[in-house]
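Below is one structure; the comments refer to it alone.
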Amino acid sequence: MPELPEVETIAAGVHARVHGQRITRVWTSGKPQTFKSSESEIANVLNGAHIESVRRVGKTIVMTLHRDKTTTELLIHLGMTGRLLVSAPEVPFAPHTHAVITLHDKREIRFVDPRRFGRLSIHAENATKLGPPGLDSETWDRQSKDSNSAPYSGPGREPLTISLADFITLFHPRRTPIKAALLNQSLLHGVGNIYADESLFRAAIRPTRQAARLTRAELALLRTSLIKILRRAIKLGGSSVSDYVDAEGMRGYFQIEHKVYGHGGDPCTVCGAPIKKITLAGRGTHFCPRCQK
DNA sequence: CGTCCCACCTGATTGC
DNA sequence: TGCAATCAGGTGGGAC
């Protein structure tokens, strides 16, 4: 379900509501595939901890926890249908509630996920943050990413902050269709099906083009298009296509500005040609056959 | 290693 | 109307 703008909206909303709170109780549903770390480990780490912050990395929500001078992170990936809600205790549980984190003031952080593609896991900080002698900082960063040391940095690079030079370095060698490359989380993380389609439309690039065949100018336009669309979507609270809601249960509004996603057969807003829908990289892919070259 | 395809789930929508 | 097939915003593992 949620891509970068939706996860950003949820993380910011949850952060505003719960940072500084102490966790007094944890309940989990026992659905094994929901928990990448064991439920007992999750409960052990969370119980009694203070929530320092809640932020987004890629499509993952990262909750930073402090207890006994130890810092740990709870990673929450929402999959397709996951929700993270902050509720008063008297609000009835939604169906498919898989985790409830009770706070000192009695409110509850609830993880709800009908399709169960979402995952919870623990990311522990290593004792030392200093790299071993002889490693340059870039090598150390890479090793930090690979090993289990905090803070969690995700599988790829952040789309909102990547430089043009790095963007080109990332995509230029790829021989896959540009859309498949955009969806590859180990390159950029956070872009999903909606924002891949919308950014390619805005950049007038056909999703089927081989990444390696894009000119530098096209890659530059794709990067700025993607950043503008992600920022605009964050401003509107994300896209609510069916069941996405933020931490308060509110829908987002960026779906109103979708130009191609979900508009197969509709006339293109720029040229009037019917928007085409095809399957690419196993995903529904929407584009204007006239505008996107 | 890079890439493709499918499985993992439930629920809403489409089509017969 | 009823029921089956199809389709969903994501990821990870196995096959090639």
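Keep in mind that what you see is a predicted model, and the values were worked out from it rather than measured.
Put simply, CG on A:L280 is 16 Å from C1' on C:dG9, counting in whole angstrom units. Rounded to whole angstrom, the span from the CD1 atom of A:I10 across to the C1' atom of C:dG10 amounts to 14 Å. The nearest whole Å value for the distance from the CD1 atom in A:I278 to the P atom in C:dC7 is 14 Å. If you take NZ of A:K277 and P of C:dT6, they are 14 Å apart, rounded to a whole angstrom. Whole-Å rounding puts the A:E198 CD to C:dG9 P distance at 12 Å. The interatomic distance linking A:L230 (CG) with C:dG9 (P) rounds to 17 Å, in whole Å. What separates NE2 of A:H286 from C1' of C:dC7 is a distance of 11 Å, to the nearest Å. Rounded to whole Å, the distance from NE2 on A:H258 to C1' on C:dA8 is 14 Å.
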Dot-bracket line, read 5' to 3' along DNA chain C, where crossing pairs take [ ] and | marks a partner on another strand, Watson-Crick or G-U under 3.5 Å
.|||||||.|||||||
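Within the structure, the salt bridge (Lys or Arg N to Asp or Glu O under 4.0 Å) test picks out the following pairs touching residues 210-237 of chain A (sequence neighbours left out): A:R209-A:E218, A:R232-A:E257. A salt bridge (Lys or Arg N to Asp or Glu O under 4.0 Å) check over residues 189-203 of chain A, counting only residues at least two apart or in different chains, returns the pairs A:K179-A:D197. Identified under the ring-ring contact (aromatic ring centres under 6.0 Å, His included) test for residues 262-293 of chain A, with sequence neighbours left out: A:Y261-A:H286. For residues 8-17 of chain A, the salt bridge (Lys or Arg N to Asp or Glu O under 4.0 Å) pairs, not counting sequence neighbours, are A:E8-A:R56, A:R17-A:E248.
Taking atom P in both C:dG14 and B:dC9, the straight-line distance is 16 Å, to the nearest Å.
With sequence neighbours left out, A:L230 forms a side-chain contact (heavy atoms from CB on, under 4.5 Å) with A:L4, A:P5, A:P159, A:L160, A:Y195, A:L226. Residues passing the side-chain contact (heavy atoms from CB on, under 4.5 Å) test with A:D105, sequence neighbours excluded: A:Q21, A:L103, A:R107. Take A:F117 and apply the ring pair (Phe, Tyr, Trp, His ring centres under 6.0 Å) test, not counting sequence neighbours, and it matches no residue.
Hydrophobic clustering, defined by side-chain heavy atoms of Ile, Leu, Val, Met, Phe, Trp and Tyr closer than 4.5 Å, groups A:W27 together with A:F93, A:V100. Within the hydrophobic cluster formed by Ile, Leu, Val, Met, Phe, Trp and Tyr side chains joined at under 4.5 Å, directly or through other members, A:V260 is accompanied by A:F201, A:V270, A:I275.
Within 4.0 Å (heavy atoms only), A:Y261 reaches sugar-phosphate atoms of the nucleic acid but no base atom. Counting any heavy atom pair closer than 4.0 Å across all strands shown, A:R175 reaches sugar-phosphate atoms only and no base atom.
With hydrogens and angles ignored, the 3.5 Å screen pairs a side-chain donor or acceptor of A:R251 with a backbone N or O of A:S240.
Nucleotides of DNA chain B lying under 4.0 Å from heavy atoms of chain A occupy a range whose first and last members, 5' to 3', are B:dT3 to B:dG11.
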When you check every protein heavy atom under 4.0 Å of nucleotides 11-16 of chain C, what one-letter string (B, S, -) results, 5' to 3'?
SS----
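The aromatic rings of A:F111 and A:H98 are tilted relative to each other, their planes meeting at an angle between 30° and 60°.
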